[in-house]
Undergrad: 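My questions all concern the structure below.
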Amino acid sequence: MAGEIVYMLGVVFAVFAVNYALRALPFVLFGGRDRNLPQWVASLGSYISPVIILALIVYSYSGLRWRTPWPYLAGALTVALHLWRRNPLASIVAGTVLYMCLVGCGCTTAETSLAYDGAHPLIRFSNTGIRFKDEYVTPSRAIELLEENQIPHDATIHILVDDDFTDRRATWVFQHNYLARAGYSRSVLVSKRVATSAAVDSKPRRAAESAPGKPQKIRYKKADE
Amino acid sequence: MGYTTMGFVAGVLLAAKGNVVLGPLWGFLSSSMWITGTMSFAFVPEVAARTPIYAIVLMTLAVNFRYAFYGFSMLARWKSAPFWRKAYLILMLTDENYALEVASPFKDPKRHIAYCTALSLFNHSYWVAGVTVGALVVCALGFAVDPDVIRGWTDGMEFAMVALFIVIFTDQIRSFVENGR
């Protein structure tokens, strides 16, 4: 907490200092004198600035879903609207809203939208029934949903078992007669405590990066154990 | 009004995705000290990933390099401004303010400086209000809604920064073409 506040104060003051220094630079360099600014400075500015901004656009696309066509569509709308109306706010808002709609309307691939690591168990066993992402399902429907969401067969399926759910036979049957038969041979039972500690571990990092592939520090039981 | 809207989006992003405590405080502090929309957007993912400060400094240098050239056109016109007034005007030398100040209808330096100061004061308050309110709204919602849900709502909002870059780039290219340079 304290370290975080020091860090944020450092960031705020560092950006302030750099930003102000850049803006004050001409006044410091040429403020006292009466001469005009050299021509090459002006032309340098008009060449360098667009190049830097272009580099920034390319760089910031890497933070978006650049493998999908959506950021390019939204970018095209922004450019077109700005060339037409010359209203920065309208262009920015229209582009952003279009991008948010495209990203939000299920136009993403299943892999990126559905996390299925130890911190986000897809299937949950409780005394009130089996749930697939908060939706009550039958065991066979759970398998269908796994297939529908294109969860790979070699992925480890984490099954959250509530602490008061003691019917080990039900989970065993689900793992062997349903999951394993459908091709999901790697499944793991996790308790609430393990799942939350895995969630705490993975949260500070970006969820999408840490989600699949990385081995979580969980002691688990294999399906055939 | 543009400032308030953009500030609101920046504040929402900071509080929802910045992964920091006291989001509104940082929103208020940063927006009042650096009135640079580009950095207010660009520093959110960096702060969320706890990028070292020197990297953020380098990034600021690159992102805001263009500001170093804005002052040149103001040198002569702001010559007679008192020291602190000038210091404040320099602080507020943003893209939008610069565009308006260059196109200012007042030729008399005294009235021009007064016009610039009023413009800066208004835009400054709009911007600070936008960012702070945006961050506060997310924080207030945070008591009622799961933070992950809010992060889902704001999904895609980070395009605002890219759109801002695209708009600046389009303007630069247009002035390039129109000036024939």
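Hydrogens, waters and symmetry mates play no part in the numbers below; they use all other heavy atoms, side chains included. The chains referred to below are lettered A, B, ... by the order of the sequence lines, with proteins before strands, and numbering in each begins at 1.
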Undergrad: Can we call the ring centroids of A:Phe125 and A:Phe174 under 6.0 Å apart?
TA: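 Ring centroids of A:Phe125 and A:Phe174 are less than 6.0 Å from each other.
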Undergrad: Check whether A:Leu54 gets within reach of chain B through its side chain, its backbone, both or neither, counting any heavy atom under 4.5 Å.
TA: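 It is both, since atoms from each part get that close.
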Undergrad: Does atom OH (B:Tyr98) have a neighbourhood of more than 12 heavy atoms from anything else shown, all under 6.0 Å?
TA: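 Atom OH in B:Tyr98 is packed in, count exceeds 12.
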Undergrad: For chain B, which candidate among A:Thr78, A:Leu25, A:Asn19 shows the most heavy-atom pairs at distances under 4.5 Å?
TA: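 The option with the most such pairs is A:Asn19.
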Undergrad: What distance separates A:Ser187 OG from A:Ile159 CD1, expressed to the nearest 0.5 Å?
TA: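 Here the interatomic distance stands at 4.5 Å.
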Undergrad: Counting neighbours of CZ on A:Phe13 that are heavy atoms of other residues, nucleotides or ligands and sit closer than 6.0 Å, is the number greater than 12?
TA: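 Counting neighbours around CZ of A:Phe13, 12 or fewer heavy atoms of other residues, nucleotides or ligands fall under 6.0 Å, so no.
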Undergrad: Select one option (side chain, backbone, both, neither) describing which atoms of A:Ile92 are under 4.5 Å from chain B's heavy atoms.
TA: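 Backbone plus side chain of A:Ile92, per the 4.5 Å heavy-atom cut-off to chain B.
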Undergrad: Is any side-chain N of the basic residue among A:Glu147 and A:Arg141 closer than 4.0 Å to the acidic one's carboxylate O?
TA: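 No.
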Undergrad: Counting only heavy atoms closer than 4.5 Å, note whether B:Ser31 contacts chain A via side chain, backbone, both or neither.
TA: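 For B:Ser31, there is no contact with chain A at all, as no heavy atom is under 4.5 Å.
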Undergrad: Could you have a look at A:Gly75, A:Ala14, A:Ser91 and say which one has the most heavy-atom pairs with chain B under 4.5 angstrom?
TA: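 Of A:Gly75, A:Ala14, A:Ser91, A:Gly75 has the most heavy-atom pairs under 4.5 Å with chain B.
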Undergrad: Could you check which of B:Thr60, B:Ile90, B:Leu164 has the highest count of heavy-atom pairs closer than 4.5 Å to chain A?
TA: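 Most heavy-atom pairs within the cutoff with chain A belong to B:Ile90.
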Undergrad: Under 4.5 Å heavy-atom distance to chain A, tell me which part of B:Val9 shows up: side chain, backbone, both or neither.
TA: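 For B:Val9, there is no contact with chain A at all, as no heavy atom is under 4.5 Å.
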Undergrad: Can you see whether B:Asp95 engages B:Tyr70 through a side-chain donor-acceptor pair at a distance of less than 3.5 angstrom?
TA: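 On atom types as modelled, these side chains qualify, holding a pair under 3.5 Å.
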Undergrad: Against chain A, label B:Ala87 side chain, backbone, both or neither, depending on which of its atoms sit under 4.5 Å from a heavy atom there.
TA: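 Both backbone and side chain of B:Ala87 come within 4.5 Å of chain A.
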Undergrad: Considering only heavy atoms and a distance below 4.5 Å, find which of B:Leu93, B:Thr51, B:Asn64 pairs most often with chain A.
TA: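 Among B:Leu93, B:Thr51, B:Asn64, the one with the most close pairs to chain A is B:Leu93.
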Undergrad: For the residue pair B:Phe43 and B:Trp34, is the inter-centroid distance of their aromatic rings smaller than 6.0 Å?
TA: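 Yes; B:Trp34 has its ring centre under 6.0 Å from that of B:Phe43.
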Undergrad: Do you know which of A:Val11, A:Asn87, A:Leu22 has the most heavy-atom pairs under 4.5 Å to chain B?
TA: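 It is A:Leu22.
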Undergrad: Identify which part of A:Leu83 has an atom lying under 4.5 Å from any heavy atom of chain B, answering side chain, backbone, both or neither.
TA: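 Both backbone and side chain.
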Undergrad: For B:Tyr88, does the OH atom have more than 12 heavy-atom neighbours from other residues, nucleotides or ligands under 6.0 Å away?
TA: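 Yes, because the 6.0 Å sphere around OH of B:Tyr88 holds more than 12 heavy atoms from other groups.
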Undergrad: If we define contacts as heavy-atom pairs under 4.5 Å, which of B:Met39, B:Arg174, B:Glu158, B:Met157 has the most with chain A?
TA: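 Looking at each option in turn, the highest pair count goes to B:Arg174.
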Undergrad: Quick check on A:Leu9 against chain B: is it the side chain, the backbone, both or neither that has a heavy atom closer than 4.5 Å?
TA: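 Both backbone and side chain.
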Undergrad: Taking the six-membered ring for Trp, are A:Tyr136 and A:Phe132 ring centroids under 6.0 Å apart?
TA: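 No - the distance between ring centres of A:Tyr136 and A:Phe132 does not fall below the 6.0 Å cut-off.
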Undergrad: Among A:Leu81, A:Leu98, A:Val79, A:Ile53, who wins on heavy-atom pairs under 4.5 Å with chain B?
TA: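 If we count pairs closer than 4.5 Å to chain B, A:Ile53 comes out on top.
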Undergrad: Among B:Val162, B:Leu29, B:Thr170, which residue forms the greatest number of heavy-atom pairs with chain A at distances under 4.5 Å?
TA: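 Top option by heavy-atom pairs under 4.5 Å: B:Val162.
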Undergrad: Is it the backbone or the side chain of A:Phe16 that comes under 4.5 Å from a heavy atom of chain B, or both, or neither?
TA: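 A:Phe16 touches chain B through backbone and side-chain heavy atoms alike.
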Undergrad: Starting at CH2 of B:Trp26, measure out to OH of A:Tyr7 and round the result to the nearest 0.5 Å.
TA: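 Interatomic distance, B:Trp26 CH2 to A:Tyr7 OH, rounded to 0.5 Å: 11.5 Å.
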